[in-house]
Structures are given as structure tokens and as C-alpha cells.
Protein chains: 2
Amino acid sequence: MTDKKTFSRNKILKELYFEENLSCADLSIKIDKSFPVTAKLIENLIAVNLVIETGFAVSTGGRRPLTYALKQNVMYLVSVAMDQFVTRIVVMDMQNNFVSPIEKIVLPLPDNAGALEILKDKIIQVIYSSGIPKEKFVGIGIGMPGFVDVEKGINYSFLPLGNNKSITKYIADKIGLPVFIDNDSSLTALAELRFGAAKNEKDVMVVNIGWGVGLGLILNGVLFRGHEGFAGEFSHIPFFLNGKLCSCGKTGCLETETSLLLIVEKAKEGIAEGRLSKLSSLPFDNLEVASDGIMKAVLEGDQFAIEIFSKAGYNIGKGVAVLIHLLNPKLIILSGRGSSAGQIWQAPIQQALNEHCIPRLYQNTKIEISTLGIHAELIGAAALVMENYERIPVNKSHPALHEMS
Amino acid sequence: MTDKKTFSRNKILKELYFEENLSCADLSIKIDKSFPVTAKLIENLIAVNLVIETGFAVSTGGRRPLTYALKQNVMYLVSVAMDQFVTRIVVMDMQNNFVSPIEKIVLPLPDNAGALEILKDKIIQVIYSSGIPKEKFVGIGIGMPGFVDVEKGINYSFLPLGNNKSITKYIADKIGLPVFIDNDSSLTALAELRFGAAKNEKDVMVVNIGWGVGLGLILNGVLFRGHEGFAGEFSHIPFFLNGKLCSCGKTGCLETETSLLLIVEKAKEGIAEGRLSKLSSLPFDNLEVASDGIMKAVLEGDQFAIEIFSKAGYNIGKGVAVLIHLLNPKLIILSGRGSSAGQIWQAPIQQALNEHCIPRLYQNTKIEISTLGIHAELIGAAALVMENYERIPVNKSHPALHEMS
DNA sequence: GAAACTTCTTAAATAATTAAAGAAGTTAAT
DNA sequence: ATTAACTTCTTTAATTATTTAAGAAGTTTC
């Protein structure tokens, strides 16, 4: 099989990953090949047991087309979602199911020289524990905070490796699988673009509410990363004259007035000052438990918790107003950890838009809460691998692939 | 000649417009056709007198390629650049020369129901005065302020036409040439992308300093317009807590602290308060003359003028810091009317970046002053027509085109 | 319930790309 | 300096893919 055919063949597998059932006509358009060529390739993929027929699609006014899907249990991925404190690792299949327990480890990234090795070992362990033979793994996708150079596989903020060596190459060499990394907010956006509320949309801003406030930009239907790959630094736009020192060293950054970290902080202060609230029993030293607890209180109607979220939401809204002016998106998605608080975000953000946006600009812009929520980054990490699937050299040891003619 | 061939043929003409001399190999890549097909098309274009050989390009280590260019004096364009007060119209050739005097008319756009008809009549007059037969015109490109829907040919802010009818269709029907419109800042950016400092760059912000502060976004190598085409509303991002009322009805917009309009205002105030300066003799009731005068004073070292520009520059810089955080561009270009003030902008903007940007983000971002300056919008209007050239139906009456086989 | 209209599938004709060979020019080594 | 090795452009021939047209299957409308 020639290189070009392999390329088109992999494109078919990729498209079937992103869109579970597709007809030959659909695939023909998506891989930009003619119908006869596409039909031949599908025939071939069925012969080597990677693709199966899944019946007929509903008619759109004519003969019903045969649909195809990826065969189950023949290809797998490793997804890794990191934040500054906690890292999650899981094995996923091609139907976006978690097929292993989500392994959660405490792995602080700041000033941690050994983090990369721990990560690598943990990934190996997860692969091993899954009991799935390594040949069936397509690759490893990793989302991480910091300034990430996707092409070079380097993180300029965390996981140092000396001499600007490539993180992806380091792990790939040790494990023997292709590795892809990206910024956590970019992957959250990728997940929304491929499997969430941004599906088939062209211009969408995905606000990743976590310990900071990240931003993934979908522009012209693709993930936008910028000149060096650092686009989306929403957290640190100079926005307030509050004089508050930010972790980045400047003052007045957006994240000094909004973020889950600040919300936990405010809750802690309020309780210390004697505010009556369900939050009084929270363990504020454990960020994850505390922020989950505050969000739970919001959903249960706790007044103090709602008050804190409303203020944070209003400030996010002011930032969103800037995004709308500059980029005129169709949709804003609130995703990431903080999206668990649900619809509470809507009102204060809308309020901020009413005050700070030209009506013509925001009246056709919708704001939605992500349904992927906390899992967005993991799903995005898997999608990252598949985004690059046609470029991955064929895994000669794969039980199905080596039969290809 | 089939439709597909016409499409490829027009793509060749388009590429030769944007890049004066190209080899067959270059063109083959640019129009995404094989060498044999491209060679045939070029042969054909030479036969009908639209393209000529222009000798050999320098060798890149092998045989020197033959180069081709558009023949002179066979195709022309009408370019129109409008701002809120003044409209300029000119005839251009395919080598980006102005082949008629630049017709400048005072045409205030706000609350002016008759503006469109005056515009149309003036365009007709310019075409007629040029003495060039109408069949040789490819089309008309128009840049205008306001919320412009490029696809529908509608301006939601100015040039009202009742029932949301299409401006492009109106003019095209009256004149009999294809018409394209776009936002003035977008066209300024297009000019920079195709013929200016942004040539061959992928991620560039073009700040259009005029009566407001516009923004044209070049992302992934193409002009970004956003969901409804309104992207780049830099002027009105909510940015200051100054309480100053903006023309848009909100307070604290970026343009309340920077723009040529504000600069003229400040100069007028200062002089009234008795500041010593060359500016004291300026006619402040004529905006164009006044702002040109202040910029001239800047270049001559007038202290008061420089002081005003420095403050405005610093505030633009704060806005640029937001752009850099969000979009990580490689280059920022200061273009439009205000770029005449030259290098004076650099220092205060750089100062603002030093204060408000994460170093890693701005250290690889260059800031340049446009060399196209005040002509950028006119050039961009011409480029707009040629951007769409392959979609324009063939002009059967063109003296060369009707000979095509 | 049949006719008109869609859409999918298959097969033949057409048009493209790819590959290979030749021509022209540059660089590096003897 | 001259030749050999290497690049790159151009042309031709072989291969490959796309387009077109016809047929099959299904849906909607009158």
C-alpha cells in the first residue's frame, strides 16, 4: 500500500472517530477523494477488520446510504489531563468511553524537576494495568498548563527537561507510542469543537474556568494557537486598576478578580469573617474539595456561595465583552472545572455584556455551559491524538494493520 | 473553455496580480494544479494577450525558471476608500499604480440618506473621466466604516438602502461592474497582508489609527472577519474606568482615550489653555488639516504635539497588550491615517507592553509602522476585488477575454 | 398508487496527477 | 580551471483519479 493511500485510509479512520457513523458519500467529501477511491479504501478497511458496516442511515429523500463505523476494541488511546496540582490519566477507546478507571495523582508542577519522570512512569503503569496489548494503542495525548509549543513538544513553563528538549520525544522514546501535547485550555476547546457544544461551529470562544481563566479559540472552524502557540492568555490581560498583585508579577490581571482559586479564597475569607453559609464546614486547604463544595452549595441555593460566583461571573463577563468586540464569535462556552456550577454563570455574564458590549455585537452571540465539564480536557487530549492520526507512521505491529495489502 | 478551467485561469491572473513575477512552478503550487496543466493555461493566457513572459528568475541552485507577469494596460480596477467624512476614489491598474487623480469628496456618512447615490454617481464620473473603456474594468472595491456584512453587501451603520438591500447589488446594477465592499480596517489589513509589512506573515494585527481605532486581524494567514463579519471592534472594548461617554453610548471605550479625533481635541484644548506650540495656528474646525498639521509638528519635534501623541500611544499600547495576550501575533502594524506620525508611536507603545504584558509573550512580537500609510485602504479595496477574482463571472465583452478558446 | 424527484451505487470516459527522462544551471572538488 | 555531482525546471509518457452518465433504491407528492 502506497503512502498516499495510507494517508487517505488514516483520514477515514480519523473521520469515523470524530463522527461515529458515516456513509461512503460523507467520507468521500470529508477526505476529499472521489467516491470510487473512497469505496475501495473502505472495502479494504473492512477486510482488515478495522471498520464495520452499521446498517443504513435515514434517507434524505433518496436511497438510504450504508453507514460505516470503527470496529470496537481494536484501537485505544491514553488521555492525560494535567493542572497545576492534579493529573488525571485514563485509557479511552474510539467511542470516547473511559475503559480504565481515571487514575488521579497529586503532581504539583511548579518547581518540580521530577514531574516528567513521574508522569511517564504513571502512564506506563496505566497502560499495563489496563491489560490491553500495547500494539492496540494509537498514541498518547497530554493536556497541560503553561506555554506549550505543540510542534516542538516543549512546555516553557513546567516539566523542564534541560536544553529545551522535547517532552513528546522523551515520553515517546520511553514508551514506544506517539505522543502529543497541548495547552489545557486549547484541549478543552478542541473537545468542545469535536464532541461538545461547538461541534460544527466556526467561531467559538471556550472559556476554561479553573484555577485560572483559560481561553481556547476556535476561529474559522479550527483551533487557533497563534504565532508561537501561546494564544488564549485570557487570565493575564491587563484589565483592572485594582493594584492586586498577580502570580505573573503584574497587577490588575483578569484572574485577580475571577477564577476558582479566587472563589475559594473569598469563601475562606467570608467564613472567617463569620458569614453564615453551608461553606463553613469546608476543608479550605484542599482546593479541589473546597471548590467542588462551593459549587455544590451554589446548586443548592446557598446565598453566600451564589454571591461569590455572581461577582466572579460578572468579571468574566467583562472579559467576554472584550472577546466579543475583538472576535465577533457566534458562541461562548463556559467549560472546565468551573462549569459544574452550571447556569449560575449566565445572569452575571449577561449583565456584564449588557453594560459593556455594543448591542449589535452581542445580540447574536450565545453563551452556553459545557456538558463535557470536567472531562473536557481528557476528551480533548484523545482528540488531539486523532487530529494528528493521518500523520502517525503506521504501527507495523498492530494485529489488524499488518494485514493491509 | 470549461468552468473549471476558467476558475484556474482566473486564479493565475489573481496570483500574478498579488505577486508581480511568478514562474510556472510557483503558479502550479499556488493554484494547486499540476505543472502540465498550469503550463497549458499560461500558454493560453499569453495567446490571448493577458500575460507576458518577463525573462528569467534568479536560480535557486538549478536551471533558471521563466517568469510571467500580467500584461500592462489591459485590466483596471476602481478603488474607493471612505471614512466618516471624506471619500476617495481612484482608478488603479494591475501593477498597483494610481492611473487617475485621486478624487476626494466630502461625504459625511452619519444620517446621510443620499450618500449612496452620490457615491455611485461619483464612481461613474471617475470611470468616465479616466478615458478607459468600461470593458477593461475588472470591478469596484469599496472600503467603508461601520458594521459591514461582506457576503450580503450590507452596511448596518451607514449608507442605508431600505429593507436591508445590498449596496453591492445596487451599485453593480447601476454601473454594470462587480462590486465588493468591506470594513475600512479590514481592507487596511488586507493591503498590509498582500502588499505591505504583513506580506507572507500568518498572524498579524493591523491597528488602523484614524478618527477611531480600528483593527484588522490576520490569523492563520487570512483576513479574519468573525461570525457576522464584525470582528475587530477595537475602538469600543470596555477598557477604562474614566466615565467618559463614547459615541457608541457606553463609557470607558478605548477610543475615549486614544484616536486622532481625541488628539485633535486635546490639541485644541491645550492651545485654548495657552500652551506654547506650533499648533496654535491650526484650523481646528477642519479635522483633516488639523490632524495632518499635528502629525507634521510631531515630526518637527514640537513638544506639545509629541506629548499628546505619547499619551495616545501609551493607551493604544495597553490595548495592544490585550491583543498580544489573546492572539499571540508575530507582528503588530500601525497603519491608516495616524501612521503618518511615524516612529513616535514606538516608544510609548513599547512602554505599555513592558508594563502590561508577560515578557515571554511580547518579546517575539514586533511593532512596525506601515509604509502604505494613508493609501492602505485604497490598495486594500483593489486587493478585495482581486481576492474574489476567480469567482467573478467572465466579462464577455473584454477585448482580450472573448478570444479565449 | 403512480409519477416525479432524490440520493446512492456502479461502470465507462475523461482529465488529472505522477513519474521518469531530458535540459539547463550551480556548486564543490580535483 | 575543469569536471563531476547535484539542483531545479521543462517536457513527455504512464498511471491514477475524477467526472459523467446510467442504473438501482427509496421518498414524497399529486
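Remember, predicted model here, so these are calculated numbers, not experimental data. To find a chain, count down the sequence lines: A is the first, B the second, and so on, and within it residues start at 1.
- In this structure, B:F180 and B:I140 have side chains that are not in contact, with every pair of non-hydrogen atoms separated by 4.5 Å or more.
- In this structure, the side chains of A:K71 and A:I46 stay at 4.5 Å or more apart for every pair of heavy atoms.
- Atom pair A:D26:CG and C:dC8:P shows a separation of 8 Å (rounding to whole Å applied).
- From the 5' end on, the contacts that DNA chain D makes with chain B at under 4.0 Å to a non-hydrogen atom open and close at D:dT7 to D:dT19.
- Protein atom CZ of B:F7 is 16 Å distant from nucleotide atom C1' of C:dA16, rounded to whole Å.
- Rounded to an integer number of Å, the gap from CG of A:L41 to P of C:dT9 is 15 Å.
- In this entry the distance linking CD of A:E43 with C1' of C:dT10 reads 12 Å, nearest Å.
- Along DNA chain D, the nucleotide nearest to B:F35 and the one nearest to A:S34 differ in position, and the one closer to the 5' end is contacted by B:F35.
- Put simply, the side chain of B:V99 reaches to within 4.5 Å of the side chain of B:Y76, judged on heavy atoms.
- If you look at B:F195 and B:Y17, their ring centroids are closer than 6.0 Å.
- In this structure, A:P36 and A:P65 both approach DNA chain C, and ranking their closest nucleotides by distance from the 5' end singles out A:P65.
- B:L41 pairs in a side chain to side chain contact (heavy atoms under 4.5 Å, CB included) with only one of the listed residues (B:L13, B:V51, B:I12), which is B:I12.
- For B:K199, the NZ atom sits in a packed shell: over 12 heavy atoms of surrounding residues, nucleotides or ligands are nearer than 6.0 Å.
- Each of A:S59 and A:K33 was matched to the nucleotide of DNA chain D holding its nearest heavy atom; the match closer to the 5' end belongs to A:K33.
- C:dT14 atom P lies 17 Å from atom NZ of B:K40, rounded to whole Å.
- Between the NZ atom of B:K5 and the P atom of C:dA15 there is a distance of 8 Å, rounded to whole Å.
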